[in-house]
> 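Attaching a single structure in structure tokens format; questions to follow.
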Amino acid sequence: MESFNPGPYFFYPFMPIHKNVEEEKKDIYYDELFSPELTLLHGNAYKNEYVPYKNYQPTIPFNKTQKDKMMMEVQMYFLISHDLKLHLDIHPKDKEAYLQYKKYAEEYIKKFHEYEDKYGPLVSIKAGYDGMFSWINPSNV
Amino acid sequence: MFDYIKMTSFPIDLKHKNLKFAKALYAQFGGPNGELNACLRYFAQSFTMPDERGKRLLKDIATEEMGHVEMICTMIYQLTRNATPKELDDAGLGCAYVIHGDGLGLQDCNGVPYNTAGVGVTADYKTDLTEDMAAEEKARSNYEHLINLTDDQDCIAILLFLRQREIVHYNRFKEMLETYNNEFKS
């Protein structure tokens, strides 16, 4: 026999009304991250936040050369750690998100240095390392 | 403070000229729902958020929006690169050429100068965060209109990314507002 389902707006006095907000968030977000590559592709880290537009499929059309690919790795690890940072700004006690943030932020720094070692500085403070002011090397921006 | 990182948030390398669409893109540069307005709005509001969480969230998002300003400018620059004055004039950018040359004037798609009249800063977290949510939705619909305007798949890929970022920001502002509303019962 099927039980009576009153729906979400029915006041049911035997249920606890107040829920722990932090726990609820954890249920929603835990372990539902895109991979770093898919994060850059979709534009967000948490799977349940992705909202497609019409029938358009997200693509990353500009990854032709080795330099582009290495830059893309920097961008994807930046984006996933940035998205986790925005979540942690609001829920700083979310342990799971913090561990994920730490993991991806470390990876971001690693990729950042790998790119700089090969193609020159991305931040001006590093511009003196190779014996000249390499900050003015050409770039897209 | 801010320190510049020499990269864009999403790869951008547009090869083909598209002056008409570049003109439309000015809407997201100096327009009322543009990235510049969003950036300055969150930055100004961040100082009077009730606690450190709101301050950090608004500053982090403002910083990201500044990166989006750079993305839009990079797109406009690459789409108008090497255009002749005649081509600019035919695409409706003749007056912009007279005033700004090949430069990126701080204006919307109709050439109206950038202004901050639409930015509300009230020191009331409910008002400010609600405005921020509306701003993100307005930016999202602007991106959808821009996607509808073009067939250029490379441009669409970048705009889809920017549109999704607006949705994420909307969700964060909403969460922040709900968190504050639960904690400060007034």
Side-chain angles (χ1 to χ4, degrees), chain A residues 18-19 21-22 25 28-29 39-46 48-54 56-65 68-69 71-72 74-76 78-79 82-83 85-92 112 115-116 119-127 135-141, chain B residues 3-15 49 52-61 63-64 67 70-71 73-74 77-78 140-141 143-144 147-148 152-180 182-183:
Chain A
H18 300 288
K19 286 182 186 170
V21 178
E22 289 297 326
K25 289 295 168 204
I28 297 168
Y29 290 115
T39 297
L40 187 69
L41 178 71
H42 290 97
N44 66 303
Y46 289 112
N48 60 344
E49 280 186 331
Y50 178 64
V51 184
Y53 181 55
K54 291 184 181 170
Y56 289 103
Q57 291 296 318
T59 51
I60 305 176
F62 319 98
N63 52 354
K64 307 282 187 311
T65 63
D68 293 342
K69 289 197 174 92
M71 174 46 83
M72 225 177 74
V74 179
Q75 285 161 331
M76 66 176 79
F78 172 78
L79 186 67
H82 175 77
D83 238 10
K85 177 173 72 186
L86 296 185
H87 169 74
L88 282 162
D89 282 342
I90 308 169
H91 309 288
F112 197 93
Y115 182 92
E116 283 188 317
Y119 299 107
L122 290 171
V123 286
S124 58
I125 204 79
K126 300 270 281 295
W135 183 234
I136 55 154
N137 286 357
S139 72
N140 273 348
V141 282
Chain B
D3 195 10
Y4 184 68
I5 302 180
K6 201 155 76 173
M7 65 185 232
T8 45
S9 317
F10 187 85
I12 305 177
D13 191 9
L14 300 167
K15 300 282 188 215
M49 279 289 121
E52 203 58 32
R53 288 171 301 175
K55 288 178 193 187
R56 291 285 73 80
L57 181 74
L58 264 68
K59 283 237 169 66
D60 286 343
I61 295 184
T63 309
E64 190 191 339
E70 184 183 32
M71 282 179 71
C73 290
T74 307
Y77 171 69
Q78 292 180 355
R140 179 184 57 78
S141 38
Y143 279 123
E144 289 174 1
I147 292 168
N148 295 343
D152 185 333
Q153 294 304 315
D154 292 354
C155 284
I156 288 175
I158 304 165
L159 295 171
L160 284 172
F161 172 86
L162 287 166
R163 172 186 171 274
Q164 182 60 28
R165 293 309 299 156
E166 309 297 343
I167 292 168
V168 172
H169 294 163
Y170 173 85
N171 291 347
R172 291 295 89 77
F173 287 133
K174 192 161 170 252
E175 258 179 73
M176 190 78 259
L177 182 61
E178 280 167 4
T179 308
Y180 280 154
N182 283 342
E183 289 175 15

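The analysis underlying the following values was restricted to heavy atoms, covering all of them including side chains, and did not include hydrogens, waters or symmetry mates. Below, read A as the first sequence line, B as the second, and so on, with proteins coming before strands; counting in each chain starts at 1.
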> Counting heavy-atom pairs under 4.5 Å with chain A, which one of B:I156, B:I61, B:I147, B:D3 comes out on top?
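Top option by heavy-atom pairs under 4.5 Å: B:I147.
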> So with a 6.0 Å cut-off around NZ of B:K174, is the heavy-atom count from everything else above 12?
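Open.
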> Is it the backbone or the side chain of B:I158 that comes under 4.5 Å from a heavy atom of chain A, or both, or neither?
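The answer is the side chain of B:I158.
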> Tell me, side chain or backbone of A:Y50 under 4.5 Å from chain B's heavy atoms, or both, or neither?
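Interface part for A:Y50: both.
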> B:R56, B:E144, B:K55: which one forms the most heavy-atom pairs within less than 4.5 Å of chain A?
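With the most close heavy-atom pairs to chain A, the winner is B:E144.
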> For A:E49, is there an ion pair with B:R172 - N to carboxylate O distance below 4.0 angstrom?
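The answer is yes: the pair qualifies as a salt bridge.
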> Can you say whether B:L162 sits under 4.5 Å from chain A via the side chain, the backbone, both, or neither, judging by heavy atoms?
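For B:L162, neither part sits under 4.5 Å from chain A.
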> Ring-plane angle category for A:Y115 and A:Y119, please: parallel below 30°, perpendicular beyond 60°, tilted otherwise.
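Tilted.
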> Can you tell me which portion of A:K54 sits under 4.5 Å from chain B's heavy atoms? Options are side chain, backbone, both or neither.
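Only the side chain of A:K54 comes within 4.5 Å of chain B.
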> Output, in order, the C-alpha distance, side-chain angles, deciding distance and verdict of side-chain hydrogen bond (donor to acceptor under 3.5 Å, both in side chains) for B:Y143 and B:N148.
CA-CA 9 Å; B:Y143 279 123; B:N148 295 343; over 6 Å; no
> Can you tell me which portion of A:H42 sits under 4.5 Å from chain B's heavy atoms? Options are side chain, backbone, both or neither.
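The backbone, not the side chain.
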> Give, as side chain, backbone, both or neither, the part of A:L79 having an atom under 4.5 angstrom from any heavy atom of chain B.
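Interface part for A:L79: side chain.
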> Counting heavy-atom pairs closer than 4.5 Å to chain B, which one of A:K64, A:K85, A:H82 comes out on top?
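Option with the greatest count: A:H82.
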> Looking only at heavy atoms and a cut-off of under 4.5 Å, which of A:F112, A:F78, A:W135 has the most pairs with chain B?
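When all of A:F112, A:F78, A:W135 are compared, A:W135 has the most.
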> Determine, step by step, whether A:T65 and A:D68 satisfy the side-chain hydrogen bond (donor to acceptor under 3.5 Å, both in side chains) criterion, reporting the C-alpha distance in whole Å, the side-chain angles of both residues, the deciding distance to 0.1 Å, and the verdict.
CA-CA 5 Å; A:T65 63; A:D68 293 342; 3.2 Å; yes
> Please report the closest heavy-atom contact between B:T179 and A:H91, naming both atoms and the distance.
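So the minimum-distance heavy-atom pair works out to OG1-CE1, 4.3 Å.
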> So for B:I167, is it side chain, backbone, both, or neither that comes closer than 4.5 Å to the heavy atoms of chain A?
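Interface part for B:I167: side chain.
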> When only pairs under 4.5 Å are counted, which of A:I125, A:L40, A:L41, A:N63 shares the most heavy-atom pairs with chain B?
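Option with the greatest count: A:L40.
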> Heavy-atom pairs under 4.5 Å with chain B: which of A:V74, A:V123, A:L86 has the most?
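Option with the top pair count is A:L86.
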